[in-house]
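Sequence lines set the chain letters: A, B, ... in the order given, protein chains first and strands last, and positions in each chain run from 1.
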2 protein chains.
Amino acid sequence: MDTTQRTEQQRSADRRRRELLEAADRVVLRDGPQASMNAIAAEAGITKPILYRHFGDKSGLYAALAKRHTDALLNSLRAALDAPADRRERVEATLDTYLAAIEARPQVYRFLMHPAEGGQTADQGFDVGKHSVPLLRRMGEELATVIEERLDLGPGGQQLARVWGHGIVGMMHAAGDWWLGERPCSRAELVRSLADLLWGRLAAAGDKMGGPGF
Amino acid sequence: MDTTQRTEQQRSADRRRRELLEAADRVVLRDGPQASMNAIAAEAGITKPILYRHFGDKSGLYAALAKRHTDALLNSLRAALDAPADRRERVEATLDTYLAAIEARPQVYRFLMHPAEGGQTADQGFDVGKHSVPLLRRMGEELATVIEERLDLGPGGQQLARVWGHGIVGMMHAAGDWWLGERPCSRAELVRSLADLLWGRLAAAGDKMGGPGF
DNA sequence: CATGCTTGTTACTAGCGGTAACCCTAGTTT
DNA sequence: AAACTAGGGTTACCGCTAGTAACAAGCATG
């Protein structure tokens, strides 16, 4: 039958695809986001055109590769977010999960976050945030839906949740990026500080000199 | 005299340098972060090697160009941060200043934030956050010092302030990036939502379904 | 046997960042 | 006046990248 044959070929193609992705993964883990198509093809034991047949484009391969890690990370985050604990604990667990992930595999993290996608072709003119940094966007949207599902924010709550989702993810990301570079404190301390920030300690803190401090 | 001659030449060189930077600015404003050295040289009416004599390197030109915009933006932010108003107003003014800036010149913004710096040379291996995204780092540090100067955060306050500085900047950046792409609401609404987040509304909100909500 | 179809290769294009070698004009020195 | 040096500037190149066209097998089916 055509169908069985097709599925057979499909399976074979999928297996190859997975193998190629794993090779790409290894190279990225070794070389960071500058991993070249040549290097990836060599690691996979083949040559460039096959890569292009499978993924069409460098950004295609990037997208496929990113999806794997993004899905994995998002699953961990969802687990932390859905744990049966109070809100503060869940927030801290989520922050810690994210930070542990970027701490464990900084090269992958960097590949996902700073893909350096701008080559010489395409991408012309004002596509801020179209294909860029898709992980941050997905995380932001995900968090937004969780916030909107769980919290009672009154009218306009949906939009508020989206702003907060992207804002909190950005906070987590920037603080994590900085922390990963300088390592000024332990992960637990960082988590506590960020949770404190989200818990309004910024607004609650007293002024230091003169003025209307209490 | 030697000195006058030297200063004369220095002046001339500085003027050229400024002209080149302005040409580069124009190209970046037109082409975004993919602006090539060739294009910049052509816009300036000269050829590549002179660019390299002046800036040594593409990242050298990038750094010089970024410093201009970064300094300008940071000055605006400092002004908003130092205004004689209460804390909430100052925070909102700062957020609005940043968002207005990226709204006015998205190409420049993108050049600063996503420089796509990874070429084929240098930058090898695990330099997360060394030269990358210097604007975010500078803004984070700046905000951290302001927080630490003004707020009484008790013991460990300095570190807390740095975490918060980078975290808040990241929140602002990510939310701004998302907002710039989707434009889901007005700038004023975005500012209010973010300030609400910083003011602890996330922790204060009630649960939506069952559970220990109040 | 011939016809496809998938898998793979070699060999190329076009454009990038970066550089070596040269050219040419202005001013100084003898 | 003639020689000589100092910068600003250009052409022509290198090595690299992403991406592609064209060609060579293995293996099913008519």
Side-chain angles (χ1 to χ4, degrees), chain A residues 1-20 23-24 27-28 31-65 115-124 131, chain B residues 1-20 23-24 27-28 31-65 115-124 131:
Chain A
M1 287 187 187
D2 258 343
T3 19
T4 53
Q5 228 179 35
R6 258 199 187 170
T7 55
E8 192 54 39
Q9 291 183 350
Q10 195 79 2
R11 271 190 196 182
S12 171
D14 281 7
R15 237 185 33 208
R16 260 292 185 274
R17 192 188 164 89
R18 232 167 294 153
E19 287 174 17
L20 298 185
V27 176
V28 164
D31 295 352
Q34 282 112 23
S36 80
M37 296 297 267
N38 255 326
I40 292 173
E43 170 71 29
I46 47 142
T47 48
K48 270 193 298 177
I50 323 187
L51 274 186
Y52 283 94
R53 281 224 257 272
H54 273 271
F55 302 102
D57 194 325
K58 180 168 190 162
S59 71
L61 191 153
Y62 163 71
L65 205 50
E117 48 181 337
Q120 61 270 20
T121 75
D123 271 7
Q124 227 156 11
H131 263 188
Chain B
M1 288 184 188
D2 259 343
T3 19
T4 52
Q5 231 178 33
R6 258 199 187 172
T7 55
E8 191 55 40
Q9 292 183 350
Q10 194 80 2
R11 272 189 197 182
S12 171
D14 279 7
R15 236 185 34 206
R16 262 293 184 276
R17 190 188 166 90
R18 233 167 293 152
E19 288 174 17
L20 298 185
V27 176
V28 165
D31 296 352
Q34 282 112 22
S36 80
M37 295 298 266
N38 255 326
I40 293 173
E43 170 70 30
I46 45 139
T47 48
K48 270 193 300 179
I50 342 184
L51 273 186
Y52 284 94
R53 283 225 255 271
H54 273 272
F55 301 102
D57 195 323
K58 180 169 191 161
S59 71
L61 192 153
Y62 163 71
L65 206 49
E117 47 180 335
Q120 61 271 21
T121 75
D123 271 5
Q124 227 156 12
H131 263 189

Of all pairs that satisfy side-chain hydrogen bond (donor to acceptor under 3.5 Å, both in side chains), the ones with a partner from residues 45-54 of chain A, not counting sequence neighbours: none
Choosing from D:dT17, C:dG17, D:dG9, which nucleotide comes nearest the side chain of B:Arg16? D:dG9
Can you pull out every salt bridge (charged side-chain N to carboxylate O under 4.0 Å, His left out) where at least one residue sits in residues 36-46 of chain B? Sequence neighbours excluded, please. B:Arg26-B:Glu43, B:Arg30-B:Glu43
Pairs touching residues 54-64 of chain B that satisfy salt bridge (charged side-chain N to carboxylate O under 4.0 Å, His left out), sequence neighbours left out: none
Terminal axis angle for the helix from C:dC1-D:dG30 to C:dT30-D:dA1, five pairs an end, nearest 10 degrees: 30°
Partners passing salt bridge (Lys or Arg N to Asp or Glu O under 4.0 Å) against B:Arg17 (at least two apart in sequence or in another chain): none
Once salt bridge (Lys or Arg N to Asp or Glu O under 4.0 Å) is applied, do any residues pair with B:Arg18, and if so which ones, sequence neighbours excluded? none
What's the [atom1]-[atom2] distance between [X] and [N], to the nearest Å?
X	N	atom1	atom2	result
B:Asp57	C:dG18	CG	P	4 Å
B:Asp31	C:dC16	CG	C1'	14 Å
A:Gln34	C:dC16	CD	P	19 Å
B:Asn38	D:dT17	CG	C1'	15 Å
A:Leu20	C:dG8	CG	C1'	12 Å
B:Lys58	D:dC16	NZ	P	19 Å

A:Met37 side chain near A:Leu61 side chain, heavy-atom distance below 4.5 Å: yes
Can you name the closest pair of heavy atoms from B:Val27 and B:Ala35 and give their distance? CG1-CB, 3.7 Å
For B:Ala41 versus B:Leu51, what's the shortest heavy-atom pair and its separation? N-CD1, 3.8 Å
What residues from residues 46-56 of chain B pass a heavy-atom cutoff of under 4.0 Å to DNA chain C? B:Lys48, B:Pro49, B:Tyr52
